[in-house]
Amino acid sequence: MQYLSYADYQSMGGTASNTAFTLLEYKARMMINKITRQRLVNDSAVQEPVKMLTYALVDIHTTDQNGKTITSESSGSYSVSY
């Protein structure tokens with residue numbers, strides 16, 4: 001289960017492509033799961049604070065170290081587009 005849907009991400013002001021968002025949401029979810037020791041995994045509904053945290057983590061990762069906005073990113077044979 002995703003903690004934040006792409007539609008919710010866009011409605012909150014997110015600008016990453018759907019492709020980039022999918023990977024970034026996964027990374028954010030794994031970070032949250034690690035910090036919470038998997039306690040949110042079996043929740044039937046995602047609480048608003050979890051959605052907001054996921055958005056913030058995705059947003060942090062939509063820019064690289066030079067401040068460039070990442071428009072897409074893939075994992076196999078890693079590539080990134082600005």
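Here the structure is a predicted model, which is why all the values come from computation and not from measurement. Reckoned from all heavy atoms, side chains included, excluding hydrogens, waters and symmetry mates.
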Distance (rounded to the nearest 0.5 Å) between [X] [atom1] and [Y] [atom2]:
X: L24; Y: R29; atom1: CG; atom2: CZ; answer: 11.5 Å
X: Y26; Y: Q2; atom1: OH; atom2: CD; answer: 12.5 Å
X: S5; Y: K51; atom1: OG; atom2: NZ; answer: 6.5 Å
X: I60; Y: Y55; atom1: CD1; atom2: OH; answer: 11.0 Å
X: T36; Y: D43; atom1: OG1; atom2: CG; answer: 9.0 Å

Discussion item. Donor-acceptor pair, distance only, cut-off 3.5 Å: does the side chain of Y9 make one with the backbone of T15?
Written reply: yes
Discussion item. What verdict does the side chain to side chain contact (heavy atoms under 4.5 Å, CB included) test give for Y6 and T22, after you've listed the backbone C-alpha separation in whole Å, the side-chain angles of each residue and the deciding distance to 0.1 Å?
Written reply: CA-CA 8 Å; Y6 187 63; T22 300; over 6 Å; no
Fill in: Neighbour count above 12 (heavy atom, 6.0 Å) for Q47 CD
no
Worksheet item: Would you say the side chain of M12 lies within less than 4.5 Å of the side chain of M52, judging by non-hydrogen atoms?
Response: yes
Worksheet item: Quick one: does I32's side chain get under 4.5 Å of L40's, heavy atoms only?
Response: yes
Item to complete: Please report the shortest heavy-atom distance between V46 and M1, naming the atom on each side.
Response: CG2-SD, 3.8 Å
Worksheet item: How far apart are the closest heavy atoms of M31 and L57, and which atoms are they?
Response: CE-CD2, 4.1 Å
Worksheet item: In terms of side-chain heavy atoms, does N33 have a donor or acceptor partner in Y3 at a distance below 3.5 Å?
Response: yes
Fill in: Nonpolar side-chain network containing I35, other nodes, edges under 4.5 Å
none
